There are 2 protein chains.
Amino acid sequence: MSRMHNPAHPGEVLREWLPENMTVTQATKELQISRVTLSKVLNGKAGITAGMSLRLAAWLGTSPDVWLGMQTQWDLWQAEQQPTPKIRPLERLAA
Amino acid sequence: MSRMHNPAHPGEVLREWLPENMTVTQATKELQISRVTLSKVLNGKAGITAGMSLRLAAWLGTSPDVWLGMQTQWDLWQAEQQPTPKIRPLERLAA
DNA sequence: AATATTGTTAAGCGTTACTTAACAGCCATA
DNA sequence: TATGGCTGTTAAGTAACGCTTAACAATATT
């Protein structure tokens with residue numbers, strides 16, 4: 001029992017946080033990153049790093065954990081989709 | 001107001017989860033990774049990836065989020081220690 | 001004493017996030 | 001119409017990181 005739905009890529013969510021009229025170029029000036037970097041994030045071609053989450057948090061007034069956590073969940077789901085080797089649970093001694 | 005203490009590296013925490021008598025070599029056989037990989041994680045010379053967190057979860061009977069979340073918090077703290085560019089908060093229109 | 005096993009370091013490979021340069025598409029203005 | 005400035009995306013190059021196998025010194029085993 002865990003994540004069952006493909007979680008949205010953080011870039012998709014980020015899109016919704018940008019004001020309608022705001023261009024990518026404008027946003028990158030505020031965030032002080034290159035246009036390319038933001039473009040790739042928005043298109044799901046790059047992930048959100050810790051540093052990026054700090055920038056987003058400072059700019060959008062959220063917690064950094066929101067963005068980084070989203071990325072984490074996405075990474076996890078991706079990893080879950082790949083065949084995992086069968087690992088036998090460690091037998092712990094009862095306390 | 002946020003993280004103020006240097007969070008422990010996930011590898012340090014992982015150490016406490018390994019049974020006293022268990023060798024790194026043994027653990028890596030269970031986890032099906034190389035000795036080097038686990039060694040580096042335990043010594044804080046590598047992070048815990050999504051795939052690794054799944055392995056640990058399967059083996060130790062925890063949620064993967066525990067390990068990946070720990071890594072996330074560590075990454076965030078590291079990023080916070082570096083000088084962040086001053087970003088002016090986005091002025092949102094009142095609803 | 002010789003051999004095996006431990007954990008770590010070295011070296012190489014593949015992936016990814018970042019940058020700047022280059023590009024095609026759109027819009028304004030001369 | 002052309003021309004120049006803007007848009008967002010792609011191309012190319014660099015640096016960092018996680019992973020592997022090979023090699024090593026130190027310790028344990030036979």
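All figures in this text were calculated on a predicted structure; none of them were measured in a lab. To find a chain, count down the sequence lines: A is the first, B the second, and so on, and within it residues start at 1.
Within the structure, every side-chain polar atom (N or O) of Lys45(A) is placed at least 4.0 Å from both OP1 and OP2 of dT9(D). Put simply, Thr25(B) has a side-chain N or O that comes within less than 4.0 Å of OP1 or OP2 on dG7(C). For dT20(D), the OP1/OP2 oxygens have a side-chain nitrogen or oxygen of Thr37(B) closer than 4.0 Å. Taking 4.0 angstrom as the limit, Ser34(A) places a side-chain polar atom (N or O) nearer than this to OP1 or OP2 of dT19(C). Using a 4.0 Å cut-off, no side-chain N or O of Thr49(A) falls inside it from OP1 or OP2 of dA17(C). At dG7(C), none of the side-chain N or O atoms of Asn43(B) fall inside 4.0 Å of OP1 or OP2 (strictly under the cut-off). Using a 4.0 Å cut-off, some side-chain N or O of Ser39(A) falls inside it from OP1 or OP2 of dT9(D).
The distance between atom CD of Gln32(A) and atom P of dT20(C), rounded to the nearest whole Å, is 13 Å. Residue Leu31(A) contributes atom CG, which lies 17 Å from atom P of dA17(C) at whole-angstrom precision. Taking atom CG on Leu68(B) and atom C1' on dG18(D), their separation rounds to 14 Å, with Å as the unit. Separating the CD1 atom of Ile48(A) from the C1' atom of dT16(C) is a distance of 15 Å, rounded to the nearest angstrom. Summarising the geometry, the separation between NZ on Lys40(B) and C1' on dA16(D) is reported as 11 Å, rounded to the nearest angstrom. The nearest whole Å value for the distance from the CD1 atom in Ile33(B) to the P atom in dT20(D) is 7 Å. Going from atom CG of Asp75(A) over to atom P of dA17(C) covers 8 Å, rounded to whole Å. Atom-to-atom, CG of Leu54(A) to P of dC18(C) comes out at 12 Å; the value is rounded to the nearest Å.
A donor-acceptor pair is defined here as one N or O able to donate and one able to accept, closer than 3.5 Å; no such pair exists between the side chain of Gln71(A) and the backbone of Gly47(A).
Atom CZ of Arg35(A) sits about 13.0 Å away from atom CD of Gln26(A), to the nearest 0.5 Å.
For the residue pair Asp65(B) / Gln73(A), a side-chain donor-acceptor distance below 3.5 Å is found, with atom types taken as modelled.
At least one side-chain heavy atom of Leu56(A) sits less than 4.5 Å from a side-chain heavy atom of Met52(A).
The side chain of Ala46(A) lies closest to dA17(C), out of dA22(D), dA17(C), dT10(D).
In summary, the aromatic rings of Trp67(A) and Trp17(A) are positioned with their centroids under 6.0 Å apart.
The 5' end of DNA chain D is approached more closely, in terms of each residue's nearest nucleotide, by Gly51(B) than by the other of Gly51(B) and Arg35(B).
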